[in-house]
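Notes follow the structure.
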Amino acid sequence: MTPLVSIIVNCFNQGHYLERSVKSVLSQTFTDLECLIVDDGSTDNTRQIAENLITIDKRVKYFFKENSGLPSSRNFGVQQAQGEWIQCLDSDDWIHEDKIKFQLSHLEQIQNSENIVFYSNYERVFIDAQENIVNTQENIIGSLNKDQLIQRLLIPDFLADSPHPCLQQAMLMNRSILNKTKFPEHLKALGDRYFAVDILKLGANFIYTPMVGAYYTKHKSNRTNNWNYMKNYYTIFYENIAQTYPELNQNCQIGIEFLLEEAIREKDQDLFNRLIKIVSTPVYLFDKKIKTTNTTSIKVLNALRSITPNFLLYEKYRGPRSKKLISFVSGKIKSVKNILSLPQ
């Protein structure tokens, strides 16, 4: 008999977490489901753990594929899934035992389930190098409309005052959504963010289900902790938005302006050349002290930056001596201005 819900658990060399994740699926109070473990080419004990879980519960299925990244693995899982409703879960995360039941209970208020995406709150779980939980953070999303969701997704989390609203682990999607599009396989990071924007633009109807539905871990070893890695993918993300949904480009400017400032400050010409093509003006640079109204001005400022010492432009680079020097020079300039303004 075809299950109503398919939960795809992606795993790459995280066999030591897999049992906890899968058992959170098997413990669901809603039982008409299947659990698909997609092993993305692991070289650890993932296969052995998965095969043991299959013997415990016949709803568990195991698939091995060559390593190709998380978005590709999710797309593979979707192809294997039989359910009308799809949930994606990473092997180091887990879900609340009532998540699926609670989210599906909202169908009573809906006439047509096509294009429906249920989303919930989630808890961030911080894990240290010794695999101990050292902190937790509850993230309350609230009910947001389409425009609010898109606007928030286009702002980097570190520049926003609210949580990422469309965490895959906290969502439950009607299969019709995944018949229209798939996870972007070229985005090894931020793929979930782009996917959420994509399905919203394609007409997905997001419905808030107010519960802490998922537990989302953050490890010391996460690649998302590598800023150079993430900086590149944020740029790719914005380049993709500008190309596919140019009408949203203006909404990306908070993030693009931050990255552009970084490129100028760090003298990263390659990054600058990519960002200058998608930035909208006006732009506020050098700790937001200078307003530029066109890309030519930005290019001139970037050229001047390349020959200007850091401490003259950015307060963070100023030590005691440079602060004293700047204070002295500023005082002299002020004195000259005062002399020039004296009545003749």
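Everything numeric in this text was worked out from a predicted model, so none of it was measured.
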According to a hydrophobic-cluster definition based on side-chain heavy atoms being under 4.5 Å apart (Ile, Leu, Val, Met, Phe, Trp, Tyr only), do Phe195 and Leu248 belong together?
yes

What do the steps show when you test Arg124 against Asp93 for salt bridge (charged side-chain N to carboxylate O under 4.0 Å, His left out), and what is the final call?
CA-CA 10 Å; Arg124 201 77 159 102; Asp93 304 322; over 6 Å; no

Step-by-step ring-ring contact (aromatic ring centres under 6.0 Å, His included) determination, Phe158 to Phe258
CA-CA 11 Å; Phe158 56 85; Phe258 178 90; 5.1 Å; yes

Is it the case that the side chains of Asp192 and His164 hold a donor-acceptor pair, with the cut-off being a distance below 3.5 Å and no angle test?
no

Verify side chain to side chain contact (heavy atoms under 4.5 Å, CB included) between Cys166 and Met171, making sure each step is shown before the conclusion.
CA-CA 7 Å; Cys166 300; Met171 289 163 56; 4.0 Å; yes

Are a donor atom and an acceptor atom from the side chains of Gln269 and Asn273 found within less than 3.5 Å of each other?
yes

Please enumerate all residues that pass ring pair (Phe, Tyr, Trp, His ring centres under 6.0 Å) together with Tyr215, with sequence neighbours excluded.
Trp94

Between the side chain of Lys188 and the main-chain N/O of Ser68, is any donor-acceptor distance below 3.5 Å?
yes

Quick one: do Leu4 and Leu104 satisfy side chain to side chain contact (heavy atoms under 4.5 Å, CB included)? Show the steps, please.
CA-CA 10 Å; Leu4 184 64; Leu104 288 179; 4.1 Å; yes

Have a look at Arg152 and tell me which of Asp157, Ile141, Asp161, Asn251 forms a side chain to side chain contact (heavy atoms under 4.5 Å, CB included) with it.
Asp157

Just by distance, do the side chain of Arg193 and the backbone of Leu154 share a donor-acceptor pair under 3.5 Å?
no

Would you please name every residue forming a ring pair (Phe, Tyr, Trp, His ring centres under 6.0 Å) with His16, sequence neighbours left out?
none

Asp90 side chain to Gln169 side chain, donor-acceptor N/O pair below 3.5 angstrom:
yes

Between Gln103 and Thr209, is any side-chain donor less than 3.5 angstrom from a side-chain acceptor?
yes

Looking only at side chains, do Thr281 and Asn294 share a donor and an acceptor under 3.5 Å apart?
no

Working note: Ser120 + His96, criterion side chain to side chain contact (heavy atoms under 4.5 Å, CB included); need CA distance, chi angles, decisive distance, verdict.
CA-CA 11 Å; Ser120 72; His96 190 282; over 6 Å; no

In terms of hydrophobic clustering (I, L, V, M, F, W, Y; side-chain heavy atoms under 4.5 Å; direct or indirect links), are Ile207 and Tyr122 co-clustered?
no

Check the orientation of Phe63 and Phe76. Use parallel for under 30°, tilted for 30 to 60°, and perpendicular for over 60°.
perpendicular

The side-chain hydrogen bond (donor to acceptor under 3.5 Å, both in side chains) partners of Tyr17 (sequence neighbours excluded) come to Glu131, His219

Looking at Lys65 and Asp40, is any side-chain nitrogen of the basic one under 4.0 Å from a carboxylate oxygen of the acidic one?
yes

Any heavy-atom pair between the side chains of Ile177 and Asn115 that's under 4.5 Å?
yes

Is it true that Arg274 and Asp268 make a salt bridge, defined as a side-chain N closer than 4.0 Å to a carboxylate O?
no

Closest non-hydrogen contact found for Ser6 with Gln82 is OG-N, 3.3 Å

Sorted by chain and residue number, the side chain to side chain contact (heavy atoms under 4.5 Å, CB included) partners of Asn179 (sequence neighbours excluded) come out as Arg175

Expected output: side-chain Ser27 to main-chain Lys23 donor-acceptor under 3.5 Å
yes

Assess the residue pair Tyr229 and Tyr233 against the criterion (ring-ring contact (aromatic ring centres under 6.0 Å, His included)); give the C-alpha distance rounded to whole Å, side-chain angles, the decisive distance to 0.1 Å, and a yes or no.
CA-CA 7 Å; Tyr229 176 83; Tyr233 275 103; 5.1 Å; yes

Might you point out which heavy atoms bring Val283 and Val279 nearest each other, and give the distance in Å?
CG2-CG2, 3.5 Å

Determine, stepwise, if the pair Asp198 / Thr181 fulfils side chain to side chain donor-acceptor pair (under 3.5 Å).
CA-CA 8 Å; Asp198 198 29; Thr181 189; 2.7 Å; yes

Before accepting this row, confirm whether a basic side-chain N of the pair Glu247/Lys201 lies closer than 4.0 Å to the acidic partner's carboxylate O.
yes

Applying side-chain hydrogen bond (donor to acceptor under 3.5 Å, both in side chains), can you list everything that pairs with Lys218, at least two apart in sequence or on another chain?
Asn225

In a table with atom names and distances, give each donor-acceptor pair under 3.5 Å that connects a side chain of residues 133-140 to protein atoms at least two apart or in another chain.
unit_1, atom_1, unit_2, atom_2, d
Asn139, ND2, Gln137, O, 3.3

Carboxylate-amine/guanidinium contact Lys101 Asp32, below 4.0 Å
no

Asp44 side-chain N/O to Gly15 backbone N/O, donor-acceptor pair under 3.5 Å:
yes

Look only at the side chain of Asn75 and the backbone of Pro71, and say whether a donor-acceptor pair between them is shorter than 3.5 Å.
yes

Between Asp92 and Thr217, a side-chain donor and acceptor under 3.5 Å
yes

Taking atom types as modelled and ignoring hydrogens, do the side chains of Tyr238 and Asn249 form a donor-acceptor contact shorter than 3.5 angstrom?
no

Is there a donor-acceptor pair closer than 3.5 Å between any side-chain N or O of Gln148 and the backbone N or O of Asn145?
yes

Using side chain to side chain contact (heavy atoms under 4.5 Å, CB included), reason through Ile7 and Arg59 one step at a time and then give a plain yes or no.
CA-CA 10 Å; Ile7 301 181; Arg59 294 176 295 172; over 6 Å; no

